[in-house]
Amino acid sequence: MTPAQLADSVLAAVRAARASGDLVVDDAAVPGQTKVERPKNREHGDYATNIAMQLAKPAGRPPGEVAEAIAKHLATTPGVSRVDVAGPGFLNITLDAAAQGEIAAQVVTAGATYGRSDALAGQRVNLEFISANPTGPLHLGHTRWAAVGDAMGRVIEAAGATVAREFYINDRGIQMDRFGASLAAAATGEPVPEDGYQGAYIGDLAAEVVKEHPDYVDLPEPQRMEAFRDAGYALQLAQQKAVLDGFRTHFDVWASERAMHDSGAVDRGLAKLREQGHVFDADGAVWLRTTDFGDDKDRVLVKADGALTYFASDTAYYLDKRARGFDVCIYLLGADHHGYVNRLRTVASCAGDDPDFNIQVLIGQLVKILKDGEEVKLSKRAGDIVTLEEFVEEVGVDAGRYTLCRYPVDSPLTLDIAEMTLQKAENPVFYVQYAHARISSVIRNAADLGLVATLDGFDAGLLEHEREGDLLGKLAEFSRVVASAAELREPHRVARFLEELAGTYHRFYDGCRVLPMGDEAVTDLNRARLLLCAATRQVLANGLDLLGVSAPERM
RNA sequence: CCCCCUGUAGCUCAGCUGGACAGAGCGGCGGACUUCUAAUCCGCGGGUCGCAGGUUCAAGUCCUGCCAGGGGGACCA
């Protein structure tokens, strides 16, 4: 029996209590849905519900009495062995071992699809993240969004939505010109402009451009800057793609700002906003009246000199996403873009959308990094950066992705490079992966004995040991963890769950011998435990896959 | 001046969208391998959940006000 099924049984018991007259309460007070929780304390049964405390007030009776009324009917549910009323009015439910053990069979039957749900079915989600300027290598900040964004996409897909991962390339504007000028200067041995890019990579990139196009050096300005700009852009973008590929982060759409302007999407977007009646002209500029929706000031779309602002691009880009058929546009931005949130929301409002549904801007806090006990300041302009590439070289893809994914994005993160490399073995990712490898080893050894985990003759009722119950309970939680991780856009919940599951397995392994010792005969209990192992390995593998982390068979 | 994020054990952080005595890892101390991977397990110490009010049967969790740290305000990118 799954927690969801048990929760339905709780509601059924409430209905039965009302039908029999044991419980008198207004129909409107009974929730349409409820959930059961795993109590922290094992003495409180396998599951607990607080439904009686919720109904106490509308029923006008003490929680304890309401609980007793419901318990009487819940106790008759097949698979439920005991119902106790405890504390201020909790219903503590204990399941038959067989009803609980059934979970293992369900996991093995569902295989790689266990944990998937239809919680977000039908939604078309556009997930934009990283969106770095193509003027330099991806750095540590981008690395966090690469790991979290990719995992978030996988988690949301597992909840039944369709997801397009999108990378927005800011490939036009003053920054690009400065990038081009910096490359041209480096190629000709001139000093890099003060407002240009200073990193050592600029010299390398310039040399690469010159190698391919020796004639660029002799071009007159501004053609020389433009030639270096565009050639450097192509090289840098290719480098970013290659590095992300190595980090197992893949995008469905690479959206070019320049292409969007050329395609007329910007003009179409502005026209649509005019239709909605929120555009006006003043002081020679074109404005969007975002104050209609709570912004503290109106925003300029087209400057007095006729140039489009970045806000115009961002606005048009959002409208373009919607025109391409996406219901929900998720933005994963760094804390330094916090000022965008309200503006983007008002754009949605101006376009006639629901800013609480169609657009969702997630602000991630910055990553600090300690090296030799000191904070490394990140500044792309000064060239003082830790790149994604360097980060992966130091800690590896699995450890890097996992470490960045196991924290909520709205908490600032401090990582110590030395600790991450020296304490590799203590990293939680190895703890989880080790559980997977350990189970794989047990299953290999079982195969040597001619034992294969199978549903034939699986007797769930034999799994009576406390640690077996703990493990089964954990396995049952996975579906809800994935669904809530998707709904809340918090993939770190999957990582934390995996750590708990791995710990629960290690304790089970410690307390419950799976395979027969020596020349003992194979029992049904051996078979049942082997199936439990197979189910656990499946959930570990499914969870690690959601984070883009490998599930090794051996370590 | 205004807005956002954070404040939980010595350190790094969880806390299941309000529940029953506040958790994990690391660090410290002490135990457990003659048979399934000891990258594991078990035990011991360690916290006025920033402060003060409020809502509730119930607050680390929700509301208000302070305090501290970080980030941000533009016809910048």
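Lettering follows sequence order; numbering is per chain, from 1. Because the structure is predicted, anything quoted here is derived from the model rather than measured.
Of the listed nucleotides (B:G71, B:C75, B:C5), B:G71 has the atom at the smallest distance from the side chain of A:A335. Each of B:A14, B:C75, B:C36 was ranked by its minimum atom distance to the side chain of A:P408; first place goes to B:A14. The side chain of A:F90 has B:A20 as its nearest neighbour among B:A14, B:C5, B:A20. Proximity note for A:K297 (side chain, C-beta onward) versus B:C75, B:C36, B:C3: the nearest is B:C75. Comparing atom distances between the A:M517 side chain and each of B:U12, B:A20, B:U35 picks out B:U35 as nearest. Out of B:C75, B:G72, B:C36, the shortest distance to the side chain of A:V514 is found at B:C36.
At a non-hydrogen distance threshold of 4.0 Å, A:L488, A:H492, A:R493 from residues 484-493 of chain A come into contact with RNA chain B.
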Check the interface with nucleotides 41-44 of chain B: list each N/O to N/O pair with the protein under 3.5 Å, or write none.
{"unit_1": "B:C41", "atom_1": "OP1", "unit_2": "A:Y431", "atom_2": "OH", "d": "2.5"}
{"unit_1": "B:C41", "atom_1": "O2'", "unit_2": "A:D510", "atom_2": "OD2", "d": "2.6"}

Filtered N/O pairs between nucleotides 57-63 of chain B and protein, under 3.5 Å:
{"unit_1": "B:C57", "atom_1": "OP1", "unit_2": "A:K57", "atom_2": "NZ", "d": "3.2"}

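Rounded to an integer number of Å, the gap from CG of A:N342 to C1' of B:C5 is 15 Å. Across the protein-nucleic acid pair, A:L501 atom CG and B:A14 atom P stand 21 Å apart, rounded to whole Å. Here the P atom of nucleotide B:C4 and the NE2 atom of A:H337 are 19 Å apart, to the nearest Å. Remark: P of B:C75 and NZ of A:K303 are 10 Å apart, rounded to the nearest angstrom. For A:F311 and B:A74, the CZ to P distance is 11 Å, given to the nearest whole Å. For the pair A:D84 CG and B:A20 C1', the interatomic distance rounds to 14 Å; values are reported in whole Å. Whole-Å rounding puts the A:L91 CG to B:G19 C1' distance at 13 Å. Atom NE2 in A:H44 sits about 11 Å away from atom C1' in B:G19, given to the nearest Å.
Dashed line: the shortest gap from a side-chain N or O of A:S411 to OP1 or OP2 of B:A14 is under 4.0 Å. Taking only side-chain nitrogens and oxygens, A:R513 never comes nearer than 4.0 Å to OP1 or OP2 of B:U35.
The pair A:D314-A:R343 does not meet the salt-bridge criterion, since no charged nitrogen lies less than 4.0 angstrom from a carboxylate oxygen. Classification of A:R274 and A:D281 as a salt-bridged pair holds, one side-chain N sitting under 4.0 Å from a carboxylate O. Ion pair A:R229/A:E226 not flagged as a salt bridge, since none of the NZ, NE, NH1 or NH2 atoms sits closer than 4.0 Å to an Asp/Glu carboxylate oxygen. Salt bridge A:R507/A:D510: absent, no basic N to carboxylate O contact under 4.0 Å.
If you check distances only, the side chain of A:N92 does reach the base of B:A20 with a donor-acceptor pair under 3.5 Å.
Among the protein residues, A:R343 comes within range of the sugar-phosphate backbone only, with heavy atoms under 4.0 Å from sugar or phosphate atoms but none that close to a base. A:G173 comes within contact range of no nucleotide atom at all, as no heavy-atom separation falls under 4.0 Å. Contact annotation for A:A435: no contact, since no heavy-atom pair falls under 4.0 Å across all strands. Nucleic acid contact class of A:I174 (heavy atoms, under 4.0 Å, all strands): sugar-phosphate only. Looking at heavy-atom distances under 4.0 Å, A:D283 makes contact with a base. Across all strands, A:R444 comes closer than 4.0 Å to base atoms (heavy-atom distances). Contacts of A:Y509 with the nucleic acid, taken as non-hydrogen atoms under 4.0 Å apart, include base atoms. Note on A:D410: only backbone sugar-phosphate atoms sit closer than 4.0 angstrom, heavy atoms only; bases stay farther off. Base engagement by A:N41 is indicated by at least one non-hydrogen atom pair under 4.0 Å involving a base atom.
For the P atoms, the distance from B:A68 to B:G50 is 16 Å, rounded to whole Å. Across the P atoms, B:C29 and B:G72 are found 43 Å apart, a figure rounded to whole Å. Nucleotides B:G18 and B:C13, compared at atom C1', are 22 Å apart to the nearest Å. Taking atom C1' on both nucleotides, B:C44 is separated from B:A9 by 15 Å, rounded to a whole Å. Remark: the separation of the P atoms in B:C67 and B:A74 is 25 Å, to the nearest Å. With C1' as the reference atom, B:C49 and B:A59 are 11 Å apart, rounded to whole Å.
Not a single side-chain hydrogen bond (donor to acceptor under 3.5 Å, both in side chains) links A:T34 to another residue, sequence neighbours left out. Residues meeting the ring-ring contact (aromatic ring centres under 6.0 Å, His included) test with A:Y168, sequence neighbours left out: A:Y317. Listed by chain and residue number, A:F478 satisfy the ring-ring contact (aromatic ring centres under 6.0 Å, His included) test with A:F497 (two or more places apart in sequence, or in another chain). Scored by the side chain to side chain contact (heavy atoms under 4.5 Å, CB included) test, A:A534 finds A:V108, A:I443, A:A453 as partners (sequence neighbours excluded). Evaluation of the ring-ring contact (aromatic ring centres under 6.0 Å, His included) rule for A:H465 yields no partner, not counting sequence neighbours.
Within the structure, every pair that satisfies the salt bridge (Lys or Arg N to Asp or Glu O under 4.0 Å) test and touches residues 396-409 of chain A, not counting sequence neighbours, is listed here: A:D150-A:R401, A:R248-A:D398, A:R406-A:E499. Within the structure, the salt bridge (Lys or Arg N to Asp or Glu O under 4.0 Å) test picks out no pair touching residues 130-143 of chain A (sequence neighbours left out). Residue pairs meeting the side-chain hydrogen bond (donor to acceptor under 3.5 Å, both in side chains) criterion with at least one member in residues 478-489 of chain A, sequence neighbours excluded: A:Q360-A:R489.
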Practice problem: Verify side-chain contact (heavy atoms from CB on, under 4.5 Å) between A:L74 and A:V10, making sure each step is shown before the conclusion. | Solution: CA-CA 6 Å; A:L74 187 57; A:V10 168; 4.2 Å; yes
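The side-chain heavy atoms of A:P137 and A:Q240, taken from C-beta on, include no pair separated by under 4.5 Å. With a 4.5 Å cut-off on side-chain heavy atoms, A:V14 and A:I51 count as touching.
Around CZ of A:R82, the count of heavy atoms belonging to other residues, nucleotides or ligands within 6.0 Å does not exceed 12.
In this structure, B:C33 is classed as syn because its glycosidic torsion stays within 90° of zero.
Stems are defined here as 3 or more consecutive Watson-Crick or G-U wobble pairs with pairing distances under 3.5 Å; those involving RNA chain B are B:1-7 with B:67-73, B:10-13 with B:23-26, B:28-32 with B:40-44, B:50-54 with B:62-66.
For the pair A:M555 and A:D298, nearest-nucleotide mapping onto RNA chain B gives the more 5' position to A:M555.
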